**Q** 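Before I ask anything, here is the structure I am working with.
Both counts, for ligands and for their atoms, begin at 1 and track the order of listing. Owing to the predicted nature of the structure, the values given are computational and were not obtained by experimental measurement.
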Amino acid sequence: MRVRLFLLIVLSLILTAPVATAETVAGLPLHIQKFDSGAIRVWIGDHISSTATVAFATEEGLVIIDTTGNPEVDGELRRVIARELARDDFKILINTHEHRDHTGGNSVYADCTIVGHELVEEGMKLNADRRQGIIDWFTNRIPELEGELAKLAEDDPEAERIREDLILKRLELKVAQAGGKSFPPTKTFSDRMVLNLGDTTFELYYIGGMHSASDIAIFVPEHGLLMTGDTMADVWLTNTPGCLASFIARPGVRHDFPLLLKNWNALLAKKDSIKTLLPGHWNGELTFAGFEARVKYIEALWTEANEAVVAGSSLQGLLTANLLDTRFPELSGSPGCSQGNNATTIGEMWITVSDQESAAEALYELIDKGTDEAAIRKIVAQRDSGSSSHFFLENQINVLGYRFLQGEKAEQAAAMFKINVELFPESWNVYDSLGEALFACGDRDAAVAAYEKSLQLNPESPTGKEMLERIRGDVSVN
Ligand SMILES: [Zn+2]
């Protein structure tokens, strides 16, 4: 009995598991997953979080969901899709959202109608504006990874991951350096859209604000497939979560929580016809229960945020009543769900329901414009005054500090993190972030002091120890 059961399990795994072919694309293993005769998913790599492209054969032509962001790779994948589906009448490309690892290969489908949310184009422009920062980041990161790889034994599993990561990063650097024309969606919508392609229907739902401004979900009833882009996943298949890493109402983008919940709930109601949920990267998996738990979570927070305003309660009260660990234990520890993200999401809701404004956003704007120290002080001082027109969230200030850092604005990032240290002196994480920004500014002594303070507050911090070793190593070399 046990043997037969084992054989059955093995057989069922062979029948449903993605087929790893011996083929490679750009030096990375190619994977082709067949759902049924008219739907496949292709991606490259075994250890990295690359974008997966889904392709459908319909009566009126081929429909593609997302590109990997690299025209060289997407050109190859287009040929693989045509071969696997035995036709090449490419008709529509749908972008799940604006990020370059989903839209960067749109040029390969310039002969198709490109479909996406109306905010995709603006997001693509913002990404293009950050091009120099992206080039600099890759230019620094690639030699670091080469250094890490050189220290590992040939057969170390981590070496294989870094080798794949390096291939992908070199490709991404090449794309960023090449620049070139961008191809935003030519057919857009704001709430919902249905595309009828004869025997196949594509239902598009706006679910933006939880990963980028322009996220959509795509449901294809004839295949029972629901694609959720990069908004959520509840299982990681590798230790490189990448783009799907956080479930959070993004600061600085438009939020329409009632619309988001309306569309999510419409999808939840289709439970019986949803066979498989597909996140935008191959290494994330999403169960229906995981999807449902996230919708119910946002719904509960939104209801309570509205009730808190009516009752005249404070943001702090709302935060305390809705700690992730105690109020939503089913999501605690789930990919992308953290106490910090929870607080940021509550903060974003608070902005839309109360008269208070986000101190993090106000400070970000002031620091970005140039230091109007008096105006900054005026906001910080409100923290202790009873009637504040601003609310203060540690995680939100931290997130926006990192936005400076990613934009190669280390001085501004340090200024932001210094304020966070002043506001939340008991948090090890704010010192950790400050250390990173000070190191990027070249102020090694101050960076060391910040990391030491962070470790003092949290001796278990892995980044603190690693960074102290790195900074001290650099110092002794120079
Ligand atoms: Zn993304």
Side-chain angles (χ1 to χ4, degrees), residues 41-45 48-54 64-71 73-74 77 93-106 114-131 133-134 137-138 165 168-169 171-172 175-176 182-185 204-218 226-238 240-255 260 277-286 290-291 294 335-338 341 344-345 399 402-403 406-407:
R41 185 162 76 142
V42 294
W43 71 90
I44 52 171
I48 46 172
S49 176
S50 58
T51 310
T53 294
V54 188
I64 306 300
I65 316 292
D66 276 344
T67 63
T68 69
N70 189 299
V73 172
D74 289 307
L77 292 182
L93 166 68
I94 305 174
N95 291 137
T96 58
H97 63 295
E98 71 219 45
H99 286 162
R100 64 196 162 81
D101 58 335
H102 296 258
T103 55
N106 282 9
I114 303 178
V115 179
H117 187 263
E118 61 183 10
L119 293 175
V120 169
E121 182 168 7
E122 197 183 316
M124 286 173 78
K125 278 200 193 109
L126 286 175
N127 291 338
D129 292 346
R130 290 191 201 116
R131 193 163 73 92
I134 292 164
W137 189 83
F138 280 122
D165 199 15
L168 201 66
K169 288 204 163 47
L171 283 169
E172 286 184 49
V175 173
S182 81
F183 290 81
L204 279 47
Y205 299 78
Y206 175 57
I207 51 165
M210 293 307 288
H211 173 75
S212 74
S214 58
D215 313 302
I216 60 167
I218 303 153
L226 172 63
M227 285 148 283
T228 52
D230 287 4
T231 59
M232 56 179 89
D234 58 3
V235 179
W236 296 134
L237 301 175
T238 69
T240 49
C243 202
L244 296 154
S246 56
F247 187 66
I248 177 175
R250 304 271 145 186
V253 305
R254 154 180 124 180
H255 290 105
L260 179 75
L277 293 101
L278 292 175
H281 292 235
W282 71 272
N283 64 323
E285 278 187 352
L286 182 63
F291 174 47
R294 281 162 173 77
C337 299
S338 66
N341 289 348
T344 300
T345 297
V399 167
Y402 273 100
R403 186 177 292 172
Q406 281 154 3

**Q** Among residues at least two apart in sequence or on other chains, which ones pass side-chain contact (heavy atoms from CB on, under 4.5 Å) with E285?
**A** V235, L237

**Q** Report yes if the side chains of N283 and S49 come closer than 4.5 Å at any heavy-atom pair, otherwise no.
**A** yes

**Q** Residues in side chain to side chain donor-acceptor pair (under 3.5 Å) with S214, at least two apart?
**A** E98

**Q** Can you tell me if D230 has an N, O or S atom under 2.8 Å away from the Zn ion (ligand 1)?
**A** yes

**Q** Give the atom name of whichever N/O/S atom in H97 sits closest to the Zn ion (ligand 1).
**A** NE2

**Q** Looking at the Zn ion (ligand 1), is one of the N, O or S atoms of H99 less than 2.8 Å from it?
**A** yes

**Q** Over 60° means perpendicular and under 30° means parallel, so classify the ring planes of H97 and H102, tilted if in between.
**A** tilted

